[in-house]
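Written out below as structure tokens is the structure these notes cover.
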Amino acid sequence: MNIFRLAGDMTHLLSIIVLLLKIQATKSCAGVSLKTQELYAVVFVTRYLDLFYSFISLYNTVMKIIFLLTAFTIIWYMRKHKVVCQTYDKEQDTFRVLFLIVPCFVLALLVNHEMSVTEVLWTFSIYLEAVAILPQLVLLQRTKNVDNLTGNYIFMLGSYRALYLVNWVYRYFTELGYRQWIVWVSGTVQTCVYLDFFYYYVQAWRNNERMKLPG
Amino acid sequence: KEEVEKHDEL
């Protein structure tokens, strides 16, 4: 474990906490894409199957359980909570997620470290995570309302993977023979997907104004 | 092979 990866994990955890607080405090999920939340739940389920058969560390196990529980809690709020589910703009959140899931799964079958069920599913989760934010970014473009908390959520979600990129550089130079090409390429793509958002987020922050996306 | 075992990241 290094400081970059710990910072990345904490930023990821914080992003989820911010989203949960937004939903719980405002009893609203306006501007939040349920599709992205469901894609992330798929990412966590397919990636953390090793919870059942391999123990890495207490930290690793606890964080996986937290990520799984919070992901499903957010989905429960958006689908089942009587007040919150009325604030979900279903008509705008229409991204065809199959166009993300199927290619990622096919790619995981073609490019992986080992042709085993758990390894293919793990690889699938790596590819899927790179594009899981797309429905959320599309929803923002459509609804234009980037409320502060949702903006912070997306910013931190993008930042965590950027911190992981630094972690991979660090591990490459400090751990002889450490290679994770699949994760490195996918993580780079994932971070690039956020660059446009980062640009407008930082611009709004610099001008100390509410974030607005181009027409 | 070593990459498969070392999924030590979240």
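Chain A is the first sequence line, chain B the second, and so forth, proteins listed ahead of strands; every chain is numbered from 1.
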Could you tell me which portion of F44(A) (side chain, backbone, both or neither) has an atom closer than 4.5 angstrom to a non-hydrogen atom of chain B? neither
Interatomic spacing from CZ in R171(A) to CG in D8(B) - rounded to 0.5 Å: 4.0 Å
Go through the side-chain N and O atoms of N167(A) and E9(B) and say whether any donor and acceptor fall under 3.5 Å apart. yes
Got a sec: does the CZ of F52(A) have more than 12 other heavy atoms crowding it under 6.0 Å? no
Y53(A) atom OH: more than 12 heavy-atom contacts under 6.0 Å: yes
Within a radius of less than 6.0 Å around OH of Y170(A), do more than 12 heavy atoms belonging to other residues, nucleotides or ligands occur? no
E129(A), part contacting chain B, at a heavy-atom distance under 4.5 Å: neither
Quick check on W76(A): does its CH2 atom have over 12 non-hydrogen neighbours (other residues, nucleotides or ligands) under 6.0 Å away? yes
Working to the nearest 0.5 Å, report the span between NE2 of H7(B) and CG of L49(A). 11.0 Å
Most contacts with chain B, counted as non-hydrogen pairs under 4.5 angstrom, among F67(A), Y164(A), Y59(A): Y164(A)
Taking CG in N148(A) as the centre, count heavy atoms belonging to other residues, nucleotides or ligands within less than 6.0 Å. Is the count above 12? no
Relative to chain B, which segment of D9(A) carries a heavy atom at a distance below 4.5 Å: side chain, backbone, both, or neither? side chain
Is there a side-chain contact between L10(B) and K64(A) (heavy atoms, below 4.5 Å)? yes
